[in-house]
There are 2 protein chains.
Amino acid sequence: MNLKTLAEALGLSQTTVSRALNGYPEVSAATRRRVEEAAAQMGYRPNSRAKGLATGRAMLIGQVIPTSTEHEMVNPVFGDFVAGASQNLARAGYDILLTRVPGDDEGKVYREFRARGAVDGVIVQAPAVNDERIALLNDIGLPFVVHGRSTGVDLPYSWIDVNNTQAFRRATEFLIQLGHRRIALINGLERMDFAFRRRKGYTHALEAAGLSSDPILMCTDEMTEEFGFKKTRHMLSLEDPPTAIICSSILSAIGIRRALQEAGLVMGRDLSVITHDDDLSYLKNGQDLPIFTATRSSVRMAGELLADALVQLISAPDEGPITRLLEAQLVVGSSTGPAPLQAARLG
Amino acid sequence: MNLKTLAEALGLSQTTVSRALNGYPEVSAATRRRVEEAAAQMGYRPNSRAKGLATGRAMLIGQVIPTSTEHEMVNPVFGDFVAGASQNLARAGYDILLTRVPGDDEGKVYREFRARGAVDGVIVQAPAVNDERIALLNDIGLPFVVHGRSTGVDLPYSWIDVNNTQAFRRATEFLIQLGHRRIALINGLERMDFAFRRRKGYTHALEAAGLSSDPILMCTDEMTEEFGFKKTRHMLSLEDPPTAIICSSILSAIGIRRALQEAGLVMGRDLSVITHDDDLSYLKNGQDLPIFTATRSSVRMAGELLADALVQLISAPDEGPITRLLEAQLVVGSSTGPAPLQAARLG
DNA sequence: TTGAAAGCGTTACCAG
DNA sequence: CTGGTAACGCTTTCAA
């Protein structure tokens, strides 16, 4: 069933049928109704590629699957992100085109997207400090939005981000107020922008309180359970061990918990732990961990908001970049509801 | 840069350039080299939609984002699945078209895929018992592969599945051998095919050992942490409580652990727990739980294998369905390596 | 071995 | 308000 046969069946021209179906005003109400009914009844849907060829738009948004460098694992919340993005993109008639990058040449994929006209825009995940993808996309003129920001890039671009600096400053200040002086930071890879900002918030809070940041208490790596475990075990063996740890991921925080258990220490009594993570759904697995986060299901929401921004960017490119900073809140809870903050007050 | 300008720049016809680039034999080696070099140098890539319109293929595989009924959360391993699928699809020149279903009308999406010619095939996730999507896809003639199987559907179709029945029979037999007689089953929603098969394996093993299955020890629901927690707490309060639990998901098993802790019981000593899950990466969060699974990263591998099957199905539709059953192994480990099975021997 | 031209299914311009 | 026709960028058939 294509436009031609539908038009013939109706005794109308393809032009009129197309206009009726696409909501053009110069069609009589009676004709439009007749066309719409016939189309619905015959199950007519315009061919995507033909429509795209004629209009010059793909109605597709490109998304490269973000795999972590280590183990090629995909962030568990990626599904929630695309679910959110996909939902709001669908409202504007877009679908997501997913593709994987074999090596590290994500730029090549974007160039190809552009050259083939495969997508109308892209979503960029996990920006690094000085991320080169932003300049590239800017150069080739492919509309894009960034999930996160990139320190060092001074081009204007659209992004949405959690206020990581603020979040880690607050967490640090909070522990300082409880009397802690030896506060460790178990952070993600600091070439990633989010981790860079988190460290900044941490050191700023220490400096503001007149405390020096001890390099031995700061570590950075891919945030696995193992990383949290090993670093905690090591730090507990120091002459002057930390009394509190701020952690960048609940996965590593679970490793911290393991190290404490192994050492016969009780989290929240012998050592305070505060964890950041993007999504409270993780609480299911780490419900005894104090956590601060942006909002409930912030990742899904980020997907929704970024989708809206990208759609607007494509339809009205001259309105300038759209940005939004989500403030992190200190949320302490368990899967069964609010729970008392398990961060020990010293002294 | 399109075919026309490239052809003009080379002083050749569009036909010859197209043939050279698409590997047709009737082009002289010299011409082909010249064309290929010019195309590479000028960054020419054929327009996706034009090519698709001319060839009648979209080079896109449809994938509906599978959200759980409850809370609209996406399975954390979905990202790994699409990473695997995407990788192998890319080898054959396909990308994935992701879309979300607002309500429950996934069939409508497939019909639209077909009518718009938007995709060349689809991947079906999470089949239920008697899943109606299979008959629909068969009817409308859209090539598809299923991640899992559907009991009750007698049409031939391509699938890949973990041997759930076998896995749960083995786990049950194992506990029986250890001397257990009161073995509980905390299962997923049994309208889902995987859960249906797991229960079958469990009851078969009990029957084979001459044990009767007690309805009070079998429960089924969406596999949340809360579900495992509440059911365990309830079963521990019974007059004749279970001495072992087989669980369908590590998330619920974490709830079991919580219930045991609350009751002052030690897992593996006071009560045995064996958990199934699709991917050992979960071990990061539940490393003290005995687990059996298909393989390491089985979900990612399933994506890869299903991608290959679908590509073959599209290119050679008459070869018949492709099926593969992955045998589950009893894998007991922690994130740091193999660990002793924490299942108590009774008596 | 190469080229001209028809066709893929739409939209959009220009007449009427 | 409606219709004919060019155009979108490619592949493929038919001729040379």
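Throughout, a chain's letter reflects where its sequence line sits, starting with A, and its residues are numbered from 1.
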For E8(B) and dA4(C), give me the distance from atom CD to atom P, rounded to whole Å. 11 Å
Please identify which of these residues, L310(B), N88(B), I61(B), meets the side chain to side chain contact (heavy atoms under 4.5 Å, CB included) condition with Y94(B). I61(B)
With sequence neighbours left out, write down each residue that passes salt bridge (charged side-chain N to carboxylate O under 4.0 Å, His left out) with R116(B), or none if nothing qualifies. D95(A), E112(B)
Please report the interatomic distance CG(D161(B)) to OG1(T323(B)), rounded to the nearest 0.5 Å. 10.5 Å
Does the plane of the ring in F78(B) sit parallel, tilted or perpendicular to the ring in F81(B)? Use 30° and 60° as the thresholds. parallel
Any side-chain N or O of S13(A) below 4.0 angstrom from OP1/OP2 of dG3(D)? yes
Using a cut-off of 4.0 Å between protein heavy atoms and nucleotide atoms, how would you tag nucleotides 6-16 of chain D 5' to 3' with B, S and -? --BBBBBB---
Could you state the CG-P distance from L6(B) to dG3(C), rounded to the nearest angstrom? 13 Å
Take the C1' atoms of the five end pairs on each side of the helix from dT1(C)-dA16(D) to dG16(C)-dC1(D), derive the two axes, and give their angle rounded to 10 degrees. 40°
Please state how far atom CZ in R34(B) lies from atom C1' in dT1(C), giving the value in whole angstrom units. 13 Å
For the side chain of S315(B) and the backbone of Q312(B), is there at least one donor-acceptor N/O pair under 3.5 Å apart? yes
dT2(D), OP1 or OP2 - any side-chain N/O from S28(A) closer than 4.0 Å? yes
Please determine if a side-chain N or O atom of T31(A) lies less than 4.0 Å away from the OP1 or OP2 oxygen of dC1(D). no
Any donor-acceptor pair under 3.5 Å linking the side chain of D131(A) with the backbone of A128(A)? yes
Is it true that D193(B) and R149(B) have a side-chain N and a carboxylate O under 4.0 angstrom from each other? no
For V77(B), is there any backbone N or O sitting under 3.5 Å from a side-chain donor or acceptor partner on N75(B)? yes
